[in-house]
Amino acid sequence: MNKSANVALTLPDGSVRTYPGPVTGSILAADIGPGLTKAAIAIVVNGDQWDLSREIEQNSDVAIITNRDEAALEILRHDAAHILAEAVKELYPEVQVTIGPAIDNGFYYDFARDIPFTTDDLAIIEKRMVEIIERDEDIIRSEMDRNDAVKFFHNMGEDYKAELIAAIPEGQAITLYKQGDFIDLCRGPHLPSTGKLGKDCFKLMKVAGAYWRGDSNNEMLQRIYGTAWRTKKELKAYLIRLEEAEKRDHRKLGKQMKLFHFQEEAAGMPFWHPNGWTIYQEIEAYIRRIQKNYSYQEIKTPQLVDRILWEKSGHADKFHEHMYTTESDNRTFALKPMNCPCHVQVFNQGIVSYRDLPLRMAEFGSCHRYEPSGALHGLMRVRSFVQDDAHIFCTEEQITDECITFCKMLLEVYKDFGFEDVKVKFSDRPDVRAGNDNVWDKAEAALIAAVDSAGLDYTLNPGEGAFYGPKLEFVLTDAIGRDWQCGTFQVDYVLPERLDAQYVGSDNDKHRPVMLHRAILGSFERFIGILIEEHAGRFPMWLAPTQVVVTGITSDQDDHVRSVYKQLIAAGLRAEMDLRSEKINYKIREHSHAKTPAIYVVGAREAEENTVTVRRLGSKQQRTLDLNAAINDLKAESLAPDQR
RNA sequence: GCCGCUGUAGCUCAGUGGUAGAGCGCGUCAUUGGUAAUGACGAGGUCGGAAGUUCAAUUCUUCCCAGCGGCACCA
C-alpha cells in the first residue's frame, strides 16, 4: 500500500485540499462550508460511494454527494429501508429481517414473520419510522470477519442474514451498519444519521408476499414497499404521478369506453365490444397492409392440433402445464399456444426450392395459454390472444438481411403508433434449452451479426432466450415513461430440425432452413392495452371507435343532423348522431367524456348555411366550417399513418 | 401457483346479525336550451357461489370462484 502521511483530496473543480493524515468526508464537507455539512449525504472516492464517516487514507479524487444530487436518491432510499427494518424490529421483535434494497422510486424490505402485516400495521410502522428519524441516530459502519458475522447473526436469531453472509465468498470482509440498536449486513454507503431522511419525504405504500431469494420453491416472506424522496415536494409529485397513471389504467378506461370486458366464466379472455373491436380491426388491417408491403404471405392454421405435434416440437415438454387440452376421437388435442409448429406444417407441404426462400409466412392466429391465475392482468396478460406473428424460412446467409429488413419494418410501425423511443435487448441461451451448443453458437453469432448490421444498439439479457433459440426483444417507452416489451426476433435452428423442414438447394440436395420467429406488436390484446394507456383513451382519429358525433342545438335541426350524419357515413367515417332533447352543454359534456375526438354542432344558422361548428376534444375552440370542407378534413385525418 | 386485500343496482360506492341505500346511468313526461350536468316521476339488487353457526346471515366461520396489489412464471 502506498500510504502517505499527507492525504490530498482532489475536488471535482480541480482544487486540492491536503490533510496531515486520514480524513473523512464529513471533515472535508465541514471545511468547505456549513451549508455543505448540512447537505452532505455521502462522498464519492475514486468512483466509489463511501460513507461520510469513513476515513480516507490515500490521495483521492473525491466528490461530495449532497441531497441535490440524483445519486443521493438511492442512498436515501436504502436508508429508508433500514429505518423501516429498525422500526419493524422495535415493534415486532420476533420478526427476522432479510433484505431491503432501494428500487425505482423507493425501497422495500422483506421480513420473515408468521403473521402477515396488514395495512393497519403500515400506519403504525410509519409512525415509528418518523420517531427513528427524529431520534437522529448515527449510522455507524464497521467490518467483521465473515465467519464471525455468520455466528453474530445466528446468535441474534437472524438466520436469513446468516445465510446471506454464508453465501459471500470466504475471506471477504463483511460490512455492518448500526443505527440505534439495529444492526444490519450492508454494503453501504449510508447517510451519516437517520435524521438525514426527511420525515415527510417517505411513505409506506403496500404489503405483499415475496419468495425468499426470489425462488418460488422457498418460503414466502412479507415485503413492505415504500417510496422515498429528497423533498416533500418530490414525494407529492410522485404520488400525483401515480394517480395520473391510475387514470390511464386500460382496465378502467376499457370499461368506461365500452371497449371490452372480462367475466368469471372466461377468466383472462377478453370479450371485445364494438368500440374495442373497431380499434382491433383498424390495427389488424394496418399490419396486414404493412406485411403485404414487406412481402409476407398470410395464412390461417387450426386452433386445435393433436398433442403429438406439440411433443415433436418440444413445446409440450416445457409448457404442457400451460396448454389447454381436450379429448376427442381417442386423441388428445391441444389448443395452440403458438403458431410456429403449424407454420412448419404448411412449409412442409410440397417441395420448397431455395428459390422460394426467404419465405415469409404470417398469421393472425388465435392462441390460448393457461397462464397462472396470479399472472392475469387486464389485456396485458391474457389467456387468449392473437399475435402479429410470422415466421421467415430462410438460409443461414439470409438471416442478416432479414433481420435488417425486419428492424426497419418494426421501427416504421412503432413510429406510426407514435413510439419513437425503442430499446433492444439481446437474450442468449437459457439453462433449459433444446439443441446442442454448436447450434446455439451458430444461432447467437448469426443474430449478433444481424443486429450489428441493422445498426441498432442493444443490451445483453443473459439466459433469457427462448428454449429453441436466441432472441432480440424490442422495448418501447410510453408517454409516461414506462417500458413495454413488444417486438421480438428469434433465430431458430431447432424447430426446423424437430419438425423436419427441408428445402432443395441449388446443389439439388436437401437442406434445413433456418426459421426466424418475429412479431412487432406482440399480442393485439396487450398492444391495445398499451395504446389505451399511452393515449389515456384519447385515440388518434384513425383508431377512435367513434370519430365524430353530430348533434343539433334544438330539435328543429333534427332533419339536418340526419343528413349530415348520412354524409359522414357515406364518407366512410365512424359517425354517430345525437338527437336527444338535451341541452347542448349536456351533450358536449357527455361526448367529451366519451373521448369522441370531434363534435359537429348544427344549429339553425349552420343548417341554413350548410356548415357545421366543429369542436375538437381537448379544445374549447369552435370553428364553423363548410360541411364538405369539414368532412374532407376529417377524412384526411382519419387515414391510417401508412395511407397518408 | 404463492402471500395479502376485495366482491352490494348497468357504473362508482355507502351500509347492517332482523332479507338494503346514494350519485351517475337507464325509462317516461315536461323542457327547445349556442358548446363540459334542465327538472319531475319511475323501473332496477335471492348483497360473487356453496356449505356451516344461529330463532334469524348480505353481515360471523369454512371452502370455492373471480378481481386487485405484489412474488414466481411468461414458448
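In what follows, every chain begins at residue 1, and chains take the letters A, B, ... in the order their sequences are listed.
In this structure, A:His377 places its NE2 atom 17 Å from P of B:A66, rounding to the nearest Å. Rounded to whole Å, the distance from CZ on A:Arg538 to P on B:A36 is 14 Å.
Atom P of B:G25 sits at a distance of 13 Å from the matching atom of B:A40, rounded to the whole Å. For B:G15 and B:G42, the P atoms lie 27 Å apart once the distance is rounded to whole Å. Taking atom C1' in both B:G48 and B:C68, one finds a spacing of 15 Å when rounded to whole Å. Going from the C1' atom of B:U59 to that of B:G17 covers 6 Å, rounded to whole Å. With C1' as the reference atom, B:U8 and B:G1 are 30 Å apart, rounded to whole Å. Rounded to a whole angstrom, the distance from the C1' atom of B:C55 to that of B:C71 is 47 Å. Comparing B:G27 with B:G67, their P atoms are spaced 31 Å from each other, to the whole Å. The P atoms of B:C60 and B:G23 are separated by 27 Å, rounded to the nearest whole Å.
Contact of A:Tyr211 with B:G1 (side chain to base): a donor-acceptor pair of N or O atoms is detected under 3.5 Å. Judged by atom type and distance alone, A:Gln222 does not reach the base of B:G70 through any side-chain donor-acceptor pair under 3.5 Å. At a cut-off of 3.5 angstrom, counting only N and O atoms as typed in the model, there is no donor on one side facing an acceptor on the other between the side-chain of A:Ser581 and the base of B:U32. A donor N or O paired with an acceptor N or O is found under 3.5 Å between the base of B:C73 and the side-chain atoms of A:Arg381. Counting distance only, with no hydrogens placed and no angle test, the side-chain atoms of A:Arg433 and the base atoms of B:A75 include no donor-acceptor pair under 3.5 Å. Side-chain to base pairing of A:Arg369 with B:C74: no donor and acceptor N or O lie closer than 3.5 Å to each other.
Residue A:Pro372 is classed as a base contact, given a heavy-atom separation below 4.0 Å to a base. Among the atoms of the strands shown, only primed sugar atoms or phosphate atoms (P, OP1, OP2) are found under 4.0 Å from some heavy atom of A:Ser216. Note on A:Thr613: a base of the nucleic acid sits closer than 4.0 angstrom, heavy atoms only. Counting any heavy atom pair closer than 4.0 Å across all strands shown, A:Gln263 reaches no nucleic acid atom. At a threshold of 4.0 angstrom between heavy atoms, the contacts of A:Tyr600 with the nucleic acid are absent. When heavy atoms are screened at a 4.0 angstrom cut-off, A:Arg223 is found touching the sugar-phosphate backbone but no base atom. As judged by a 4.0 angstrom heavy-atom cut-off over every strand, A:Arg605 is placed among the base-contacting residues. Counting any heavy atom pair closer than 4.0 Å across all strands shown, A:Lys587 reaches no nucleic acid atom. Counting any heavy atom pair closer than 4.0 Å across all strands shown, A:Gly214 reaches sugar-phosphate atoms only and no base atom. Nucleic acid contact class of A:His322 (heavy atoms, under 4.0 Å, all strands): base. Looking at heavy-atom distances under 4.0 Å, A:Tyr225 makes contact with sugar-phosphate atoms alone, never a base. Counting non-hydrogen atoms under 4.0 angstrom, A:Glu473 reaches nothing in the nucleic acid. Within the 4.0 angstrom heavy-atom criterion, only backbone atoms of the sugar-phosphate kind lie near A:Lys471; the bases stay farther away. Heavy atoms of A:Ala210 sit under 4.0 angstrom from primed sugar atoms or phosphate atoms, though from no base atom.
The ring of A:Tyr586 does not lie on top of the base of B:A36; it is either too far (5.5 Å or more) or too tilted (30° or more).
Residue A:Glu163 places its CD atom among more than 12 non-hydrogen atoms of other residues, nucleotides or ligands, all under 6.0 Å distant. Annotation: A:Asp114, atom CG; neighbour count of heavy atoms from other residues, nucleotides and ligands within 6.0 Å does not exceed 12.
Between A:Leu617 and A:Leu376, the residue anchored nearer the 5' end of RNA chain B, judged by the nucleotide with its closest heavy atom, is A:Leu617. When each of A:Glu464 and A:Gly618 is assigned the nucleotide of RNA chain B with its nearest heavy atom, A:Gly618 is the one assigned upstream, toward the 5' end.
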Give each protein N/O atom lying under 3.5 Å from an N/O atom of nucleotides 43-47 of chain B, with the pair distance.
none

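Checking the phosphate oxygens (OP1, OP2) of B:U35, no side-chain nitrogen or oxygen of A:Lys620 falls inside 4.0 Å. Proximity of A:Arg383 to the phosphate of B:C74: no side-chain N or O atom is located under 4.0 Å from OP1 or OP2.
The ring-ring contact (aromatic ring centres under 6.0 Å, His included) search around A:Phe111 returns A:Tyr109, A:Phe117, not counting sequence neighbours.
Under the 4.5 Å side-chain criterion, counting only non-hydrogen atoms from C-beta, A:Tyr238 is not in contact with A:Lys203.
Taking 4.0 Å as the cut-off between side-chain N and carboxylate O, A:Glu94 and A:Lys89 do not count as a salt-bridged pair.
Considering CD of A:Glu533 and CZ of A:Arg482, their distance stands at 4.5 Å, rounded to 0.5 Å.
Looking at A:Trp440, its side chain does come within 3.5 Å of a backbone N or O of A:Ala434 through a donor-acceptor pair.
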